[in-house]
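What follows is a short report on a single structure.
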Amino acid sequence: MTKWTPTHEAPEPLEGNVVATVTGGTLLWFVLFLGLLPFYGWLDDHGHLWWLWTCLAGGGLGLIGVWYVRKRDAAIKRHQAAQRAAGNTPPAGEAG
């Protein structure tokens, strides 16, 4: 079997508001956790208690993600400001 090689370059990755996306996802996990909390007994009786703990773990890991993407966003902005100050402005739309 031959190895497949792409015939064109991969597109640039899309950069959106990552902080808002991760924060929204984290809030969703916590809302799901709180929504399942009143059904603790039913979940336990039917062997689905892991649903509750999955939501809590998703919220907890999301908090780490929010911390990470905020630090990343701040570092990107610092780097861009330093490049502008040095006179090395990248072309519009390109995050140097």
Side-chain angles (χ1 to χ4, degrees):
M1 183 170 241
T2 61
K3 182 178 177 182
W4 178 79
T5 51
T7 57
H8 55 80
E9 289 187 34
E12 291 293 321
L14 296 175
E15 284 291 333
N17 191 348
V18 181
V19 176
T21 304
V22 174
T23 302
T26 302
L27 288 174
L28 182 62
W29 279 114
F30 279 123
V31 166
L32 290 170
F33 171 75
L34 293 174
L36 286 174
L37 204 53
F39 302 102
Y40 184 90
W42 185 91
L43 292 169
D44 193 22
D45 292 343
H46 291 85
H48 297 301
L49 199 54
W50 64 272
W51 291 0
L52 183 71
W53 304 124
T54 299
C55 292
L56 185 61
L61 291 171
L63 289 176
I64 295 169
V66 168
W67 171 80
Y68 177 81
V69 296
R70 288 182 57 146
K71 291 283 189 182
R72 176 183 176 269
D73 193 44
I76 289 170
K77 288 179 181 173
R78 275 194 314 271
H79 178 72
Q80 288 173 344
Q83 280 194 336
R84 276 193 305 274
N88 300 334
T89 5
E94 182 182 320

For R72, give me all partners under salt bridge (Lys or Arg N to Asp or Glu O under 4.0 Å), at least two apart in sequence or on another chain. E15
If hydrophobic clusters are built from ILVMFWY residues whose side chains come within less than 4.5 Å, do L28 and F30 share one? no
Heavy-atom check, side chain of W29 versus side chain of T54, under 4.5 Å: yes
Hydrophobic cluster membership, L34 vs W42, 4.5 Å side-chain cutoff: yes
Checking side-chain contact (heavy atoms from CB on, under 4.5 Å) between V18 and each of T23, V66, D73, V69, which is the one that passes? V69
When clusters are formed by joining ILVMFWY residues with side-chain heavy atoms under 4.5 Å apart, either directly or through shared neighbours, do V22 and Y68 land in the same one? yes
Without swapping roles, check the side chain of H79 against the backbone of A75 for a donor-acceptor pair under 3.5 Å. no
Do W50 and Y40 sit in one hydrophobic cluster, given that two such residues count as connected whenever their side-chain heavy atoms are within less than 4.5 Å of each other, even indirectly? yes
Sort out for me which residue in L37, L36, V31 forms a side-chain contact (heavy atoms from CB on, under 4.5 Å) with F33. L37
Using the rule that Ile, Leu, Val, Met, Phe, Trp and Tyr join whenever any side-chain heavy atoms are under 4.5 Å apart, tell me whether V19 and L61 fall into a single cluster. no
Note: G59 and T26 closest approach over all heavy atoms is O-CG2, 3.5 Å
Which value, rounded to the nearest 0.5 Å, describes the distance between L49 atom CG and W53 atom CH2? 6.0 Å
